[in-house]
Q: 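Dropping a structure here in structure tokens format, bear with me for questions.
To find a chain, count down the sequence lines: A is the first, B the second, and so on, and within it residues start at 1. Values below: every heavy atom of this structure, side chains too, minus hydrogens, waters and symmetry copies.
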Amino acid sequence: MADMADTILKFDNVTFRYDSDDEKLPPAVENLSLEIKQGEFVAVLGHNGSGKSTLAKLSNGLVTPESGDVYVLGMNTKDENNDLKIKQTVGVVFQNPDNQIVATIVEEDVAFGPENLGIEPAEIRRRVDESLKIVGMYKYRLHEPHKLSGGQKQRVAIAGIIAMQPQCIVFDEPTAMLDPEGRRDVMNAMKRLNKELGITVLFITHYMEEACEAERIVVMDDAHLVLDGTPNEIFSDVNYIRSLGLDVPQTSELAQMLKCDRINISGETLSVDGLVNSLAKILNRG
Amino acid sequence: MLKDITIGQYFPLNSVIHRLDPRVKLLYTFVFIIMIVVANNFVSLAFCVACALVVTFVSKVPLKTVIKGLKPIIFIIVITSLLQILYVKTGVTLISFWKIRITSGGILEAVFLTFRISFLIVMSTMLTYTTSPTSMTNGLDRTFAPLSKIGIDFNIITMIMTIALRFIPTLIDEVDKIISAQKSRGANFETGSIFKRAKMLIPLFVPLLFNATRRAYELAYAMTCRCYNGGKGKTTMNALKYKKGDWLVTALTFAFVAGVIVLNIKFGEYNAKFAFNSAV
């Protein structure tokens, strides 16, 4: 069990149906196995209805698998005795910030999680201030949530999860309802959590550009996990990605077109800089 | 259009009253409501009114705003006053025609009731004007915490109140959006008979209800993620603490009760005839 220690989240052949009595209903997730290591930044890609949001709900026991098991730090999510410990370890941030904020004042909302855990008031205060500073919302601590912008609300929701000091945060399309500016703020907050606090991030999205910023991408299609690799590996097969109903980053698309014209481009082609370098090599050779 | 609703409005100012512990404000408001009903003569009533005016003055809430709060109950005041004037037949007869006989007792009773109801409302609105919703739920939570010993979990009730307060602006925005969406499809909410307009509310409320339900499910997931389990073993970040001023106001509240009782005994239940004769 030595390797269990650095595996924070493990899906073991998981199948889940929203109505388990209805045999005709196709499963939302089928025979899915996936392991997330501590400290990773993993993006989950998939078009609507591919089962990626269900993955988020399975990850901390909001729903439990019909067959197979989900383990959080080795604790099975089916075991109700572990419930509180699991929810404290794996936090989930959802798509709509409006539906996650409970209190009428920002700092009281952030305090909601720690309060439920029965933590001392002085310690709650410390955690709330710290969490709000991490997401850059400290100066808004006494504001009313409904007067904030979408991106700001989403950052408050993230602070609410951070205040419980989880080891892993699952983001279920946190940027889907935001404007570009809010999207960038939330992306930056996620990256900081991963880099500076060492929090494992599982980032569910359908935006290609955002997924490319992860170290590892998992692609879901029709309830199944179909691809798992680095962004470069994933987007090297442009045609396959397209067949899954997903967009392809412009850089990958350009590289693909060059390949079609028998220009043998190799190396990193996903980031703009990488593509420029690879192109420069070819041009120098030619 | 729905943003004009002002029920339970909070008037953010920085006054002594605003800074009081919400439990003290709940206490004196509750006590005042009882005492103004207990007050049985004009002197006691005047004492109550004076105290209410002092609270209003200290709170710095403009008198205009306080009076505006009375608007919705003018109708009730007029009806009750009319009933008093028509049915109370004590004291001296002032006007008498057809079957109606208006007496001094009736008029005094009407005046008495008008003050009683008005100031009952004034003090209740003062509570919401000077206490923020969060502070209020905090206060209620702490005041009724002992009820958990007899199996009533007030924590859940304050949680419901907090969520309701939190979602009012969100749902108002949603109503505005639905109205715009339905209007853009040719719905007409403004003209037509009252029945026609009432019928137009169906395409407004069905999506609203549907969305609110969906929101509730998502909120439940989000709350579960944050370890909510019905408030068992919950702590509070901003724990309420009684300060010097809070004790002082609590003492003043008891003094007020004593004052009303003393005045009640000293002047006795007012006699309409006596009151009228001495007034003239």
Q: Tell me whether the count of non-hydrogen atoms from other residues, nucleotides or ligands lying under 6.0 Å of NZ in A:Lys78 goes above 12.
A: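 Atom NZ in A:Lys78 is packed in, count exceeds 12.
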Q: Would you name the heavy atoms of A:Glu115 and B:Met237 that are closest together and state the gap between them?
A: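 Nearest pair, atom of A:Glu115 first, then B:Met237: OE2-N, 2.9 Å.
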Q: For a 4.5 angstrom cut-off between non-hydrogen side-chain atoms, does B:Leu219 reach A:Phe94?
A: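 Sidechains of A:Phe94 and B:Leu219: no contact.
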Q: How close do A:Leu117 and B:Cys227 get, heavy atom to heavy atom, and via which atoms?
A: CD2-SG, 3.7 Å
Q: Taking B:Asn229, B:Thr137, B:Thr236 one by one, which has the highest count of heavy-atom pairs under 4.5 Å against chain A?
A: B:Thr236
Q: Taking only residues two or more places apart in sequence or in another chain, which ones pass side-chain hydrogen bond (donor to acceptor under 3.5 Å, both in side chains) with A:Thr54?
A: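 With sequence neighbours excluded, A:Thr54 shows a side-chain hydrogen bond (donor to acceptor under 3.5 Å, both in side chains) to A:Tyr18, given in chain and number order.
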Q: Residue by residue, scan residues 127-152 of chain A and write down, ordered by number, those that have a heavy-atom distance under 4.5 Å to chain B; if none do, write 'none'.
A: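 A:Val128, A:His146 fall under the 4.5 Å cut-off.
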Q: For chain B, which of A:Asp98, A:Ile86, A:Leu84 has the most heavy-atom pairs under 4.5 Å?
A: A:Asp98
Q: Report which part of A:Asp83 has an atom under 4.5 Å of a heavy atom belonging to chain B: side chain, backbone, both, or neither.
A: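 Neither part.
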Q: Checking A:Pro114 against chain B: side chain, backbone, both or neither under 4.5 Å from a heavy atom?
A: backbone
Q: Using a 6.0 Å cut-off, check whether atom CZ of B:Phe154 has over 12 heavy atoms from anything other than its own residue.
A: yes
Q: Evaluate whether atom CZ of B:Phe254 has more than 12 neighbouring non-hydrogen atoms of other residues, nucleotides or ligands under 6.0 angstrom away.
A: no
Q: Find the distance between CD (A:Gln100) and CZ (B:Arg226) and round it off to the nearest 0.5 Å.
A: 8.0 Å
Q: Among A:Gly113, A:Gly61, A:Gly118, which residue has the highest count of heavy-atom pairs closer than 4.5 Å to chain B?
A: A:Gly118
Q: Atom CE of B:Met136 and atom OG1 of A:Thr104: how far apart are they, to the nearest 0.5 Å?
A: 11.5 Å
Q: First locate atom NZ of A:Lys57, then atom SG of B:Cys225, and finally report the distance between them rounded to the nearest 0.5 Å.
A: 10.0 Å
Q: Checking A:Val93 against chain B: side chain, backbone, both or neither under 4.5 Å from a heavy atom?
A: neither
Q: So for atom CD, which belongs to A:Glu181, do other residues, nucleotides or ligands contribute more than 12 heavy atoms lying within a distance under 6.0 Å?
A: no
Q: So, taking the atom named NZ in B:Lys234 and the one named CZ in A:Phe112, what distance separates them when rounded to the nearest 0.5 Å?
A: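 Between B:Lys234 NZ and A:Phe112 CZ, I get 6.0 Å after rounding to 0.5 Å.
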Q: Do any of residues 40-48 of chain A have a heavy atom less than 4.5 Å from a heavy atom of chain B, and if so, which, in residue order?
A: none
Q: For chain A, which residues of residues 163-170 of chain B have at least one non-hydrogen atom nearer than 4.5 Å to it?
A: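 Within residues 163-170 of chain B, the residues under 4.5 Å from chain A are B:Ile163, B:Leu165, B:Arg166, B:Phe167, B:Pro169, B:Thr170.
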Q: Strictly distance-based, threshold 3.5 Å: is any side-chain N or O of B:Thr235 a donor or acceptor partner for the main-chain N or O of A:Ile119?
A: yes
Q: Heavy-atom cut-off 4.5 Å, strictly under: side chain, backbone, both or neither for A:Val170 against chain B?
A: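 For A:Val170, no heavy atom lies under 4.5 Å from chain B.
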